[in-house]
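So you know, we letter chains A, B, ... as the sequences are listed, proteins then strands, and number each from 1.
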Protein chains: 2
Amino acid sequence: MKKEHRILADYLKQKGLKQTYQRFFILDKFLAAKRHLSADELHAMVREQNPKIGFSTVYRTLKLFTECGLAKEVNFGDGRARFERAIDRSQHGHLICANCGKAEEFTLGSVEKTIARIASRHGFKIERFRFKIYGLCKKCR
Amino acid sequence: MKKEHRILADYLKQKGLKQTYQRFFILDKFLAAKRHLSADELHAMVREQNPKIGFSTVYRTLKLFTECGLAKEVNFGDGRARFERAIDRSQHGHLICANCGKAEEFTLGSVEKTIARIASRHGFKIERFRFKIYGLCKKCR
DNA sequence: ACTATCATGATAGTGATACTCAAAATCAAT
DNA sequence: ATTGATTTTGAGTATCACTATCATGATAGT
Ligand SMILES: [Mn+2]
Ligand SMILES: [Mn+2]
Ligand SMILES: [Zn+2]
Ligand SMILES: [Zn+2]
């Protein structure tokens, strides 16, 4: 059994929720995608093989993934939430192209220490952070 | 005449747009506020003294301020755009409290150099960037 | 003052997200 | 395997911020 299936199964058990076919099917599709996906986009992928699964379920399941740490929600300023895998990945920021919309990733490295220092100075307890750079990518500039 | 009035007036002239009472009235209200304001919130402030001014005008005027560099749009993840003064202020990030919703600011300092380095490594032309830390503020933690 | 052009403000439209509920599925107990 | 309590699903609807439309009004150059 995949590590991610284990994580989801454990979370569901812990919360008294049910292990449904849909939840694990959507998880597999989600993990197979490399891009940052909106609920709409993932639903389109899901319904190719399984047209019965509704948008509501995909939408709710993405929120479930976010709750249990399997996914992270990101927002690139185009008015729709996107989701990305969050297991076995290092923290990263996004370079978002204003022209083609693509989001490149960059590792944060030393910035993470800076963030910790800033937070402690303000007495702020960090839950998560987002670092985005908007502009033009190599191709579009 | 206020510096900000000058900037707006110049921008309007340059673009062939008109100097209206509303635009400068809204600008004064905007500058007087210290918080990060949504269009709704600014409209509420504006209509206290001037109930004739409509939401559409406030909304469009905030976009105009953003175009001419008087304002910056920020998004704290609550599904509504907010705006802040952008003249004579240094770059800063935001510490956003998940409990009380307040947004503290922190100066970016050395992070700006890091950003420039990251961008050049990717051949990316920076237009603007956003650095947000979500968590719990001193009072709420 | 005249006229072209732009702005305003009320209204309606859009699209992503969130809620509702009847029918179906899950799962623990028998 | 059957039962029954509980959760989930999927379709439909509602909500909310934002955006577009357009008749009326204001601005600014002549
Ligand atoms: Mn990413
Ligand atoms: Mn700020
Ligand atoms: Zn691009
Ligand atoms: Zn707080």
Side-chain angles (χ1 to χ4, degrees), chain A residues 5 8-27 29-30 36-68 71-83 101, chain B residues 5 8-27 29-30 36-68 71-83 101:
Chain A
H5 279 225
L8 178 56
D10 287 351
Y11 183 79
L12 294 173
K13 181 157 285 179
Q14 177 215 320
K15 288 276 183 179
L17 304 175
K18 287 171 181 172
Q19 322 244 337
T20 66
Y21 170 72
Q22 290 92 331
R23 283 169 175 165
F24 290 94
F25 185 85
I26 293 168
L27 179 54
K29 288 291 155 199
F30 174 67
H36 302 88
L37 293 174
S38 67
D40 244 347
E41 288 166 344
L42 182 55
H43 181 226
M45 292 172 58
V46 161
R47 78 178 321 166
E48 276 178 24
Q49 280 185 43
N50 205 326
K52 295 283 194 63
I53 295 179
F55 172 77
S56 296
T57 301
V58 173
Y59 172 81
R60 285 183 294 225
T61 302
L62 277 170
K63 289 190 74 172
L64 184 70
F65 293 168
T66 304
E67 281 170 36
C68 67
K72 273 186 184 166
E73 184 178 335
V74 289
N75 199 297
F76 296 157
D78 61 348
R80 59 203 314 203
R82 292 171 183 281
F83 297 84
Chain B
H5 280 224
L8 178 57
D10 289 350
Y11 182 79
L12 294 173
K13 181 157 286 181
Q14 176 214 323
K15 289 275 182 180
L17 304 174
K18 287 170 181 170
Q19 321 244 340
T20 66
Y21 169 73
Q22 289 90 335
R23 282 169 174 164
F24 291 93
F25 184 85
I26 292 167
L27 178 55
K29 287 292 156 200
F30 174 67
H36 301 89
L37 292 175
S38 68
D40 244 347
E41 287 166 343
L42 181 55
H43 181 226
M45 290 172 58
V46 162
R47 78 177 321 165
E48 275 179 24
Q49 281 185 40
N50 206 325
K52 294 283 195 62
I53 295 179
F55 172 76
S56 298
T57 301
V58 173
Y59 172 81
R60 284 183 295 227
T61 302
L62 277 169
K63 290 190 76 173
L64 184 71
F65 293 169
T66 305
E67 280 170 35
C68 67
K72 272 188 184 165
E73 184 178 335
V74 290
N75 199 297
F76 297 157
D78 61 348
R80 60 205 311 203
R82 292 172 182 282
F83 297 83

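- Between the CZ atom of F55(B) and the P atom of dT11(C) there is a distance of 15 Å, rounded to whole Å.
- Between S56(A) and dA11(D) there is no side-chain N or O to OP1 or OP2 distance below 4.0 Å.
- Summarising the base pairing, dC27(C) is matched to dG4(D) through a Watson-Crick or G-U wobble pair whose two defining distances lie under 3.5 Å.
- Summarising the geometry, atom OG1 belonging to T61(A) is positioned 10.5 Å from atom NE2 belonging to H43(A); distances are rounded to the nearest 0.5 Å.
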Got a list of protein N/O to nucleotides 26-30 of chain C N/O distances below 3.5 Å?
residue : atom : partner : partner atom : Å
dT26(C) : O2   : K18(A)  : NZ           : 2.8
dC27(C) : OP1  : Q19(A)  : N            : 2.9

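- Protein atom CG of N50(A) is 12 Å distant from nucleotide atom P of dT9(D), rounded to whole Å.
- Closest-nucleotide positions on DNA chain D for T57(A) and E73(B) were compared, and the one nearer the 5' end corresponds to T57(A).
- For R23(B) and dA7(C), the shortest distance from a side-chain N or O to OP1 or OP2 is below 4.0 Å.
- Screening residues 41-67 of chain B for salt bridge (Lys or Arg N to Asp or Glu O under 4.0 Å), with sequence neighbours left out, gives E41(B)-R82(B).
- Heavy atoms of R60(A) sit under 4.0 angstrom from at least one base atom.
- A residue-by-residue look at G16(B) and V58(B) shows that G16(B) has its nearest nucleotide of DNA chain C further toward the 5' end.
- Summarising the geometry, the separation between CZ on R80(A) and P on dC18(D) is reported as 17 Å, rounded to the nearest angstrom.
- Within residues 39-48 of chain B, no residue approaches DNA chain D, by heavy-atom distance under 4.0 Å.
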